[in-house]
Visitor: 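Input: one structure, supplied below.
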Amino acid sequence: MKQGLVLDIGGTKIAAARVNHKGELSQRQQIATPRGDAERLQRTLEQLIEPHRQHVDFVGVASTGIVSNGYLTALNPANLGGLAHFPLQACIEGIANVPCVLLNDGQAAAWAEYQTLSIAVNNMMFVTVSTGVGGGIVLNNKLHTGNQGLAGHIGHTLADPHGPMCGCGRRGCVESVASGTAIGAATAAWAEPVTAVEVFRMAKNGQRQAEQIIDDSAAAIAQMVADMTMALDLEMVVIGGSVGLAEGYLDRVRLAQKTLPAIYRAPLQAAHYRQDSGLSGAALWATATL
Ligand code: ADP
Ligand code: BMX
Ligand code: ZN
């Protein structure tokens, strides 16, 4: 394998980078994810891929959504402005004219982060707190993708049976309480509703209501990590995504863990690759698959 192009398609942004045979990323770019329209998504992908077309042998993709049989199927279509189903592999192969390998974004990030752990770990989980809440699980040193590509969709485990309705159709999912979208939505009744970025800025300035919204998110993540730790005997949990990596967030999750008995508190650390876990995982997965 020579040069590759890797993409990380999230609900808010699409990142692209070139990857060389050593797995090093370069020429990183980022663009807003178009909302709700398959044609606009295709045009955005064309825009990102076109400059690299003549120079790469493969495209590796980490994408939000259930990734199966070459399709992206949204579990929570609201995260993509209502877009529910998209022929991602055929679209990209049509543009790039080279083989394309797809993986869910949380799964890709888990696989990349797993390789960087400094201690010997067999079972780990990656969690992205971003537009949604996603994840990936490594069990016995292997990425667990599941036969339907569903494995690791920990954002759709239950946080609160009386919580907000989740875009997947179930009430009270972790994603409906903890995601960046949920953090913004929790301000809907304010005189001037704000985004998650602003909620974090306000919390930093000691605004109590903003801190409470972030603490509710962090508590839901701590409880979900506890449940997954009991289910899978997790030895490490890595946190990423723009909310997960935001200043102070990990400390709030650790504080929420302290309310639980010690056995439920898996060690937590921030993503080594920061915003590039998905891109790095897409590169690793594509080179191992092709
Ligand atoms: P994607 O879901 O496309 O991978 P991100 O990881 O950037 O993208 O997550 C987007 C979510 O994170 C949005 O809800 C946005 O408001 C929130 N967000 C972005 N930057 C920050 C930040 N610096 N602090 C807190 N929240 C952020
Ligand atoms: C949602 C779901 C997951 C994804 C997770 C994080 C959709 C479109 N996505 O739970 O597949 O892994 O969000 O995705 O249903 P992100 O967009 O926040 O990066
Ligand atoms: Zn859900």
Visitor: Aromatic rings Tyr249 and Phe200: how do their planes relate, parallel, tilted or perpendicular, breaks at 30° and 60°?
Guide: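 The arrangement is tilted - the two ring planes meet at 30° to 60°.
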
Visitor: Quick one: list whatever passes side chain to side chain donor-acceptor pair (under 3.5 Å) with Arg265, sequence neighbours left out.
Guide: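 Arg265 satisfies side chain to side chain donor-acceptor pair (under 3.5 Å) with no residue once adjacent residues are dropped.
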
Visitor: Of all residues at least two apart in sequence or in a different chain, which pass the ring pair (Phe, Tyr, Trp, His ring centres under 6.0 Å) check with Tyr264?
Guide: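 Not a single residue meets the ring pair (Phe, Tyr, Trp, His ring centres under 6.0 Å) criterion with Tyr264.
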
Visitor: Side chains of Thr12 and Thr131: is there a donor and an acceptor less than 3.5 Å apart?
Guide: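 The answer is yes; a qualifying pair exists.
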
Visitor: Applying a strict under-4.5 Å side-chain criterion to I, L, V, M, F, W and Y, I'd like to know whether Leu268 and Tyr273 cluster together.
Guide: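 No; tracing contacts between hydrophobic side chains, which count when under 4.5 Å, never links both residues.
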
Visitor: I'd like to check Val127 versus Met125 (side-chain heavy atoms, cut-off strictly below 4.5 Å). Are they in contact?
Guide: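 A side-chain contact under 4.5 Å exists here.
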
Visitor: Minimum heavy-atom separation for Ala226 to Leu260, with atom names?
Guide: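 Residues Ala226 and Leu260, closest heavy atoms: CB-CD1, 3.8 Å.
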
Visitor: If you compare all heavy atoms of Phe126 against all heavy atoms of Ser277, which two are closest, and at what distance to 0.1 Å?
Guide: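 Shortest heavy-atom separation between Phe126 and Ser277 comes out as CE1-OG, 4.3 Å.
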
Visitor: Checking Gln47 now: which residues fulfil side chain to side chain donor-acceptor pair (under 3.5 Å) with it, not counting sequence neighbours?
Guide: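 Residues passing side chain to side chain donor-acceptor pair (under 3.5 Å) with Gln47: none at all.
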
Visitor: Do Pro164 and Val177 come close enough that some side-chain heavy atom pair is under 4.5 Å?
Guide: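 Yes, close enough: below the 4.5 Å cut-off.
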
Visitor: Sequence neighbours left out, what passes side chain to side chain donor-acceptor pair (under 3.5 Å) with Asp8? Give chain and number order.
Guide: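 Partners of Asp8 by the side chain to side chain donor-acceptor pair (under 3.5 Å) criterion come out as none, since no residue qualifies.
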
Visitor: For the CG atom on Asn205, are there more than 12 heavy atoms of other groups (residues, nucleotides or ligands in this structure) within a distance under 6.0 Å?
Guide: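 Enclosed.
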
Visitor: Using side-chain contact (heavy atoms from CB on, under 4.5 Å), reason through Val61 and Val6 one step at a time and then give a plain yes or no.
Guide: CA-CA 6 Å; Val61 183; Val6 281; over 6 Å; no

Visitor: So Arg35 and Leu80, do their side chains get closer than 4.5 Å, heavy atoms only?
Guide: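 Side chain of Leu80 against side chain of Arg35, heavy atoms only: no contact under 4.5 Å found.
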
Visitor: If the condition is salt bridge (charged side-chain N to carboxylate O under 4.0 Å, His left out), which residues does Arg40 pass it with, not counting sequence neighbours?
Guide: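 Testing Arg40 for salt bridge (charged side-chain N to carboxylate O under 4.0 Å, His left out), a comparison that skips the adjacent residues, returns none.
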
Visitor: Report the residues that fulfil side-chain contact (heavy atoms from CB on, under 4.5 Å) with Glu198, sequence neighbours left out, ordered by chain and then residue number.
Guide: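 side-chain contact (heavy atoms from CB on, under 4.5 Å) list for Glu198, sorted by chain: Val194, Thr195, Arg201, Met202.
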
Visitor: A quick test of your reading: do over 12 heavy atoms of other residues, nucleotides or ligands sit less than 6.0 Å from CG of Asn97?
Guide: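 12 or below, so no.
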
Visitor: Using atom types as modelled and distance alone, determine if a side-chain donor or acceptor of Asn20 lies under 3.5 Å from a backbone N or O of Lys22.
Guide: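 Confirmed, Asn20 side chain pairs with Lys22 backbone.
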
Visitor: Kindly state each residue pair satisfying salt bridge (charged side-chain N to carboxylate O under 4.0 Å, His left out) with at least one member in residues 147-157, sequence neighbours excluded.
Guide: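 Passing the test, one end in residues 147-157: no pairs.
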
Visitor: Should we say atom CD of Gln27 is surrounded by more than 12 heavy atoms from elsewhere, each under 6.0 Å from it?
Guide: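 More than 12 within 6.0 Å, yes.
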
Visitor: How far apart are the C-alpha atoms of Phe58 and Gln3, what are their side-chain angles, what is the distance that settles it, and do they pass the side-chain contact (heavy atoms from CB on, under 4.5 Å) test?
Guide: CA-CA 7 Å; Phe58 67 94; Gln3 287 269 323; over 6 Å; no

Visitor: Is the shortest side-chain heavy-atom distance between Ser63 and Leu88 below 4.5 Å?
Guide: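 Yes - at least one pair of side-chain heavy atoms lies under 4.5 Å apart.
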
Visitor: Return the OG to CD1 distance between Ser217 and Ile183, rounded to the nearest 0.5 Å.
Guide: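 Rounded to the nearest 0.5 Å, the OG-CD1 separation comes out at 4.0 Å.
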
Visitor: Give every donor-acceptor pair under 3.5 Å between a side-chain atom in residues 135-146 and any protein atom, sequence neighbours left out.
Guide:
unit_1 : atom_1 : unit_2 : atom_2 : d
Asn141 : OD1    : Tyr114 : OH     : 2.5

Visitor: Just to verify, what does Asp276 make a salt bridge (charged side-chain N to carboxylate O under 4.0 Å, His left out) with, not counting sequence neighbours?
Guide: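 Scan of Asp276 (salt bridge (charged side-chain N to carboxylate O under 4.0 Å, His left out), adjacent residues dropped) gives Arg28.
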
Visitor: Less than 4.5 Å apart, side chain to side chain, heavy atoms only: is that true for Ser68 and Thr73?
Guide: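 They are not in contact (no side-chain heavy atoms under 4.5 Å apart), so the answer is no.
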
Visitor: When rounded to the nearest 0.5 angstrom, what distance separates SG in Cys166 from CG in Leu158?
Guide: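 Reported to 0.5 Å precision, the distance equals 10.5 Å.
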
Visitor: Hey, are the side chains of Leu5 and Val19 touching, using non-hydrogen atoms and a 4.5 Å cut-off?
Guide: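 The answer is no, as the side chains (C-beta and beyond) never meet within the 4.5 Å cut-off.
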
Visitor: After noting the C-alpha distance and the side-chain angles of Leu234 and Met124, does the key distance pass the side-chain contact (heavy atoms from CB on, under 4.5 Å) rule?
Guide: CA-CA 5 Å; Leu234 299 173; Met124 68 80 81; 5.6 Å; no

Visitor: Which heavy-atom pair separates Leu245 from Ala271 by the least distance, and what is that distance?
Guide: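 The answer is CD2-N, 4.0 Å.
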
Visitor: Excluding sequence neighbours, so at least two apart, what forms salt bridge (charged side-chain N to carboxylate O under 4.0 Å, His left out) with Arg43?
Guide: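 Partners of Arg43 under the salt bridge (charged side-chain N to carboxylate O under 4.0 Å, His left out) test: Glu39.
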
Visitor: Mind checking whether Val133 and His156 have side chains closer than 4.5 Å, heavy atoms only?
Guide: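 No, their side chains stay 4.5 Å or more apart.
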
Visitor: Do Glu175 and Asn79 pair up side chain to side chain, a donor and an acceptor below 3.5 Å, judged on atom types alone?
Guide: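 Side chains of Glu175 and Asn79: pair found under 3.5 Å.
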
Visitor: For the residue pair Ala222 and Val253, what are the closest heavy atoms and their distance?
Guide: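 It is CB-O, 3.8 Å.
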
Visitor: Can you list the residues that meet the side chain to side chain donor-acceptor pair (under 3.5 Å) rule with Glu235, with sequence neighbours excluded?
Guide: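 For Glu235 the side chain to side chain donor-acceptor pair (under 3.5 Å) partners, ignoring immediate neighbours, are Asn123.
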
Visitor: Do Ile92 and Leu103 share a hydrophobic cluster, counting only Ile, Leu, Val, Met, Phe, Trp and Tyr and linking them when any side-chain heavy atoms are less than 4.5 Å apart?
Guide: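 No, separate clusters.
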
Visitor: Looking at Thr187 and Trp190, would you say the former's side chain and the latter's main chain have a donor-acceptor pair under 3.5 Å?
Guide: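 Answer holds: no.
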
Visitor: Are Gln212 and Asp216 close enough that a side-chain donor and a side-chain acceptor fall under 3.5 Å?
Guide: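 There is such a pair (donor and acceptor under 3.5 Å, judged by atom type) between the side chains of Gln212 and Asp216.
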
Visitor: Can you list the steps and then say if Val174 with Ile154 is a side-chain contact (heavy atoms from CB on, under 4.5 Å)?
Guide: CA-CA 8 Å; Val174 170; Ile154 41 73; over 6 Å; no

Visitor: Whether the side chain of Gln89 engages the backbone of Leu102 through a donor-acceptor N/O pair (distance < 3.5 Å, no angle test) should be reported.
Guide: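 Such a contact is absent between Gln89 side chain and Leu102 backbone.
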
Visitor: For Ser242 and Ser130, work out which heavy atoms get closest and say how close.
Guide: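 Scanning both residues, the minimum pair turns out to be N-CB, 4.4 Å.
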
Visitor: Do Leu7 and Ile49 touch side chain to side chain, with heavy atoms closer than 4.5 Å?
Guide: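 SC-SC contact between Leu7 and Ile49 confirmed.
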
Visitor: Is there any salt bridge (charged side-chain N to carboxylate O under 4.0 Å, His left out) pair reaching into residues 91-113, and which pairs are they, with sequence neighbours excluded?
Guide: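 Every pair satisfying salt bridge (charged side-chain N to carboxylate O under 4.0 Å, His left out) with a residue in residues 91-113: there are none.
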
Visitor: Strictly by modelled atom types, are His52 and Arg18 linked by a side-chain donor-acceptor pair under 3.5 Å?
Guide: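 Yes.
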
Visitor: Do Gln148 side-chain atoms and Leu150 backbone N/O form a donor-acceptor pair below 3.5 Å?
Guide: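 No: the side chain of Gln148 does not pair with the backbone of Leu150.
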
Visitor: Do Met228 and Ile263 share a hydrophobic cluster (ILVMFWY, side-chain heavy atoms under 4.5 Å, transitive)?
Guide: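 No; tracing contacts between hydrophobic side chains, which count when under 4.5 Å, never links both residues.
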
Visitor: Does a salt bridge link Arg252 with Glu211, judged by any charged N lying under 4.0 Å from a carboxylate O?
Guide: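 Salt bridge flag = yes for Glu211 with Arg252.
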
Visitor: Under 4.5 Å between side-chain heavy atoms, hopping through other hydrophobics if needed: is there a path connecting Leu250 to Ile214?
Guide: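 Linked within one cluster.
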
Visitor: Would you name the heavy atoms of Val98 and Val56 that are closest together and state the gap between them?
Guide: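 Scanning both residues completely, I find the closest heavy atoms to be CG1-O, 3.4 Å.
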
Visitor: What's the spacing between Leu279 CG and Leu284 CG if we round to 0.5 Å?
Guide: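 With rounding to 0.5 Å, CG (Leu279) is 11.5 Å from CG (Leu284).
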
